[in-house]
2 protein chains.
Amino acid sequence: MLNNSVDQPLSDRELDVVFHALADPTRRAILVRLCDGPAAVSELAAPFGMSLPAVVQHLQVLEASGLIRSEKIGRVRSCSIDHATVRRAEDWLGQRRTPGERRLDRLEDFLSRGQPASNEHPPSPRSTQ
Amino acid sequence: MLNNSVDQPLSDRELDVVFHALADPTRRAILVRLCDGPAAVSELAAPFGMSLPAVVQHLQVLEASGLIRSEKIGRVRSCSIDHATVRRAEDWLGQRRTPGERRLDRLEDFLSRGQPASNEHPPSPRSTQ
DNA sequence: CGAATTGTTAAGCACATACTTAAGTATTCT
DNA sequence: AGAATACTTAAGTATGTGCTTAACAATTCG
């Protein structure tokens, strides 16, 4: 249990592709699925009402991001999650949080809670204009 | 120091917009900047070689995602990071990691390290076809 | 060998994204 | 009041994304 989160941090370019990969419900569902262990392409595609090539494209995005790895054995491609990349993305977020929270932002933070829960998430995020 | 990461988890739709917001270098740079405390719109725009409206659009994406909040005082809009949302995104990644790593994926993981560092990140992630 | 299985490649299309410039509004300064 | 400041809104554009269908491998089964 040593070596906790001490990987090489993700580059800016890598963060682009990793977070972009995560910004899609199908791809996140695939990741969730892969948490239960490796799976073949068609096995991953089964739950979704979408063509096989569409899922393969999602898998390419995931693999290019480093969030999953895959290996083709015979005619079956087995995909698995890459925990290290997940952890690196998590680490980036952690760094956005930890040093920020130790500052006197806490005061500003505290004061902003004047408007309560209704400020958390408006119904239509993209139509805020 | 109680209440550590026990927020309401982000919905699928919220994860979409949060990770999409994070998938852009300008927006991440803005978040990094806001870790040092609140800032005005033009103050945030200054470092980037891009028009003010472009930065404002990024800020709208960030605010719609819940990653930042903003308040207009007089003619100045002050933006600040919302640590709670950052933490919720981090938590989602943590859940993708922790329960996965406790499984026998570890074996699969271990075996896959046969191909070492060269497998980590090819130079051109999107041109893998 | 021939057929089924499993995945891959290519081309195309509708829509979203990340900008731009131009023009407008609200606030503060003099 | 008039001018400067600090955004805001609108409209347009080039490129990217998420699918689709059709056709093409490569592997395994009978």
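We use all heavy atoms of the structure for the numbers below, so side chains are in, but hydrogens, waters and symmetry mates are not. Order of the sequence lines sets the chain letters (A, B, ...), proteins ahead of strands, with each chain counted from 1.
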Distance in angstrom units between [X] [atom1] and [N] [atom2], rounded:
X: A/Glu71; N: C/dT8; atom1: CD; atom2: P; answer: 13 Å
X: B/Gln60; N: D/dC7; atom1: CD; atom2: P; answer: 13 Å
X: B/Leu59; N: D/dT9; atom1: CG; atom2: P; answer: 13 Å
X: A/His20; N: C/dA16; atom1: NE2; atom2: P; answer: 14 Å
X: A/Leu22; N: D/dT17; atom1: CG; atom2: P; answer: 15 Å
X: A/Ile30; N: D/dC19; atom1: CD1; atom2: P; answer: 10 Å
X: A/Asp24; N: C/dA16; atom1: CG; atom2: P; answer: 14 Å
X: B/Ile73; N: C/dA26; atom1: CD1; atom2: C1'; answer: 15 Å

Please state whether the phosphate of D/dT8, meaning OP1 or OP2, lies under 4.0 angstrom from any side-chain nitrogen or oxygen of B/Lys72.
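Affirmative; the distance criterion is met.
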
B/His20 and B/Val61: which non-hydrogen atoms are nearest, and at how many Å?
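Taking every non-hydrogen atom into account, ND1-CG1, 4.2 Å.
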
Looking only at heavy atoms, what is the nearest atom pair of B/Leu93 and B/Phe19, with distance?
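Closest approach of B/Leu93 to B/Phe19: CG-CZ, 4.3 Å.
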
Show the atom names and distances, to 0.1 Å, of all donor-acceptor pairs under 3.5 Å that link a side chain in residues 40-48 of chain B to residues at least two apart or in another chain.
{"unit_1": "B/Glu43", "atom_1": "OE1", "unit_2": "B/Ala40", "atom_2": "N", "d": "3.1"}
{"unit_1": "B/Glu43", "atom_1": "OE2", "unit_2": "B/Arg33", "atom_2": "NH1", "d": "3.4"}
{"unit_1": "B/Glu43", "atom_1": "OE2", "unit_2": "B/Arg33", "atom_2": "NH2", "d": "3.2"}

Would you check if A/Ile30 and A/Leu34 make a side-chain contact, meaning some heavy-atom pair closer than 4.5 Å?
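Side-chain contact under 4.5 Å: yes.
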
Nearest heavy atom decides the nucleotide; on that basis, is A/Ala23 or B/Val56 closer to the 5' end of DNA chain D?
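Here B/Val56 is the residue nearer the 5' end.
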
Select one nucleotide: of C/dC19, D/dA6, D/dC19, the one nearest the side-chain heavy atoms of B/His58.
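Side chain of B/His58 sits closest to C/dC19.
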
Whether the side chain of B/Gln57 and the base of C/dT20 hold a donor-acceptor pair under 3.5 Å is what I'd like checked.
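Yes, the side chain and the base share a sub-3.5 Å donor-acceptor pair.
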
Quick check: any donor-acceptor pair below 3.5 Å linking the side-chain of B/Arg75 to the base of C/dT27?
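When only heavy-atom distances are counted, B/Arg75 does reach the base of C/dT27 through a donor-acceptor pair under 3.5 Å.
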
Lys/Arg cation over aromatic B/Trp92: B/Arg88, 6.0 Å, 45° cone:
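Judged by the rule (NZ or CZ under 6.0 Å from the ring centre, within 45° of its axis), B/Arg88 is not positioned above B/Trp92.
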
Scan side-chain atoms only and decide if A/Arg97 and B/His83 contain a donor-acceptor pair under the 3.5 Å cut-off.
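Judged by distance alone, the side chains do not pair up.
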
Strictly below 4.0 Å, heavy-atom distances to any atom of DNA chain C: list the hits from residues 40-53 of chain A, or just say none.
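Here the set is A/Ala40, A/Val41, A/Ser42, A/Leu52, A/Pro53.
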
Flag, side chain of B/Arg27 to backbone of B/Ala21, donor-acceptor distance under 3.5 Å:
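Such a contact is found between B/Arg27 side chain and B/Ala21 backbone.
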
